[in-house]
Amino acid sequence: MPFHPVVDPCAPVSSLDAASDDAATSRAAVLVDALRRARRSIDIPQELVDAQSSLERRIRAHLTRGKVAVTLTDNRYTMISVRRLPKEKRYEVRLHHMFAAADPVMTRALARYVADNDPEASRVLGEFIDQNNEHVRGRSRRAPIQVLFTAGEHHDLREIFDELNARYFGNKIEAAITWGARNGKVRRRNSIKMGTYAVQDRLIRIHRSLDRKFVPRFFVAWIVFHEMLHQVHDVQLKNGRREFHSKAFMSDEAQFEQYDEARAWERSHLDAILTY
Ligand SMILES: [Zn+2]
């Protein structure tokens, strides 16, 4: 598809000069304030409503199909997350408020990422997030943000994470989640790390091998559940060695409702999981 630049009346005319940088900063401050007020009441402040619908219109301008609903957030970890609802031909997108002032290049990248998981669009968005680091609460320019891909082709990690967090953890887990890198050539591996949890970044990463049709949702959920438990259980030192999975960890892990089912499924599908 050729690139058609879309003239966008809502986008800042120039976001590069210092004057409009100041304008962008004060716009961001207004939004942060509106997001704070939105958290405290059921009424969504008008500034927020306007910013969201403006961004929706600008993203939609680049979409060939489907509708998009934007929710702006002040998240610390997840900058972008997408829920695709193919039946309703709808995309629900949660975006950090840094995207409120996105220019047409960026709204186009958002559209391509949302609709097609486009890798080039992901790269462009990743750079934008890095450049706008200072808008993220508690972040400095020195700490680059991980770009997160929660919507897979078959499983939505955000949905799974939210559900588990509510059900098992009283919504106490504060972590980001993403699919890992895509594979190159399909091959049979000797081993695979289905999930990892990076303590410093509070980031759960799930192997792309699990984003396949034959992998049931409960199995992905089990892997996510395991990684979430790593935030609850610190790594213990035992006889001078680090113990990642203590007895307490394992007994908590067994609380997963489909624990036996998940383990049985893993045993019978190991070969298929390793071939990715
Ligand atoms: Zn583990």
Side-chain angles (χ1 to χ4, degrees), residues 32 34-45 48 69 71-85 92-97 136-139 143 145-146 148-152 154-180 193-207 210-211 215-238 242-263 265-266:
V32 169
L35 282 159
R36 257 183 223 136
R37 276 181 285 138
R39 260 202 300 277
R40 285 196 301 263
S41 90
I42 43 166
D43 297 320
I44 304 172
L48 193 54
T71 305
L72 290 171
T73 74
D74 195 18
N75 282 346
R76 291 183 66 178
Y77 302 106
T78 307
M79 302 295 110
I80 305 175
S81 78
V82 182
R83 180 175 291 171
R84 299 192 180 89
L85 304 163
E92 285 179 7
V93 191
R94 294 171 65 83
L95 293 169
H96 188 274
H97 63 76
V136 181
R137 276 185 295 139
R139 293 273 181 172
I145 301 163
Q146 187 69 42
L148 305 172
F149 304 105
T150 54
H154 299 281
H155 298 289
D156 187 324
L157 291 177
R158 184 171 73 88
E159 199 180 87
I160 291 172
F161 177 93
D162 287 349
E163 197 179 298
L164 293 169
N165 208 7
R167 183 155 179 194
Y168 293 96
F169 300 97
N171 287 319
K172 292 274 162 44
I173 301 290
E174 234 198 277
I177 189 163
T178 184
W179 287 107
K193 264 201 185 116
M194 289 189 278
T196 58
Y197 175 63
V199 180
Q200 292 287 310
D201 304 331
R202 295 175 173 244
L203 177 65
I204 295 169
R205 195 187 294 274
I206 304 297
H207 202 288
L210 301 187
D211 188 26
V215 182
R217 189 179 188 275
F218 72 81
F219 186 75
V220 181
W222 183 53
I223 301 297
V224 173
F225 180 72
H226 175 107
E227 301 310 331
M228 291 170 88
L229 279 175
H230 276 298
Q231 187 168 96
V232 178
H233 295 269
D234 277 336
V235 175
Q236 308 284 341
L237 265 182
K238 204 179 173 187
R242 293 196 297 163
E243 189 186 52
F244 288 96
H245 306 113
S246 63
K247 275 208 177 103
F249 183 105
M250 290 192 299
S251 93
D252 274 1
E253 190 184 31
Q255 300 303 308
F256 184 67
E257 208 191 329
Q258 283 148 305
Y259 178 75
D260 294 327
E261 226 174 316
R263 299 204 59 173
W265 189 90
E266 182 180 7

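As a basis for the values below, the full set of heavy atoms in this structure was taken, side chains included, without hydrogen atoms, waters or symmetry mates. This is a predicted model, so every value here is computed, not measured.
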Rounded to the nearest 0.5 Å, how far does [atom2] of [Y] lie from [atom1] of [X]?
{"X": "F256", "Y": "F218", "atom1": "CZ", "atom2": "CZ", "value": "8.0 Å"}
{"X": "L157", "Y": "R205", "atom1": "CG", "atom2": "CZ", "value": "11.5 Å"}
{"X": "E257", "Y": "Y168", "atom1": "CD", "atom2": "OH", "value": "5.0 Å"}
{"X": "L48", "Y": "H97", "atom1": "CG", "atom2": "NE2", "value": "10.5 Å"}
{"X": "L72", "Y": "I44", "atom1": "CG", "atom2": "CD1", "value": "10.5 Å"}

[X] to [Y] - nearest heavy-atom pair and separation:
{"X": "H96", "Y": "N75", "value": "CD2-O, 3.3 Å"}
{"X": "G195", "Y": "I206", "value": "CA-CD1, 4.2 Å"}
{"X": "P45", "Y": "R37", "value": "CB-NH1, 3.8 Å"}
{"X": "L164", "Y": "A221", "value": "CD1-O, 3.4 Å"}
{"X": "V215", "Y": "H155", "value": "O-NE2, 2.8 Å"}
{"X": "T196", "Y": "E227", "value": "C-OE1, 3.4 Å"}

Worked verdict on T178 versus T150 for side chain to side chain contact (heavy atoms under 4.5 Å, CB included):
CA-CA 5 Å; T178 184; T150 54; 5.7 Å; no

Test side chain to side chain contact (heavy atoms under 4.5 Å, CB included) on L203 and Y197 and set out the steps.
CA-CA 6 Å; L203 177 65; Y197 175 63; 6.0 Å; no

Derivation and outcome, side chain to side chain contact (heavy atoms under 4.5 Å, CB included), residues I177 and V224:
CA-CA 9 Å; I177 189 163; V224 173; 3.8 Å; yes

Set out, in order, the CA-CA distance, both residues' side-chain angles and the distance that settles side chain to side chain contact (heavy atoms under 4.5 Å, CB included) for L210 and M194, then state yes or no.
CA-CA 7 Å; L210 301 187; M194 289 189 278; 4.0 Å; yes

Show your working on salt bridge (charged side-chain N to carboxylate O under 4.0 Å, His left out) between E163 and R217 and close with a plain yes or no.
CA-CA 12 Å; E163 197 179 298; R217 189 179 188 275; 3.1 Å; yes

Show your working on ring pair (Phe, Tyr, Trp, His ring centres under 6.0 Å) between F225 and F169 and close with a plain yes or no.
CA-CA 10 Å; F225 180 72; F169 300 97; 5.6 Å; yes

Check whether any side-chain N or O of [X] sits under 3.5 Å from a backbone N or O of [Y] as a donor-acceptor pair, and report yes or no.
{"X": "N165", "Y": "I173", "value": "yes"}
{"X": "E92", "Y": "R84", "value": "no"}
{"X": "D211", "Y": "H154", "value": "yes"}

So which of H226, H233, E253 actually passes side chain to side chain donor-acceptor pair (under 3.5 Å) with H245?
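Answer after filtering H226, H233, E253: H226.
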
Minimum side-chain heavy-atom gap V93-T71 below 4.5 Å:
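Of all side-chain heavy-atom pairs linking T71 with V93, none is under 4.5 Å.
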
Between D162 and N171, is there a side-chain heavy-atom distance shorter than 4.5 Å?
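With C-beta onward as the side chain, the pair stays apart.
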
Over 60° means perpendicular and under 30° means parallel, so tell me whether F244 and H230 are parallel, tilted or perpendicular.
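Rings of F244 and H230: perpendicular, as their planes differ by over 60°.
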
For the residue pair W222 and Y259, categorise the inter-ring angle as parallel (less than 30°), tilted (30 to 60°) or perpendicular (more than 60°).
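Perpendicular.
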
Regarding R158 and S81, is there a side-chain donor-to-acceptor distance under 3.5 Å anywhere?
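R158 vs S81: donor-acceptor pair found between side chains.
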
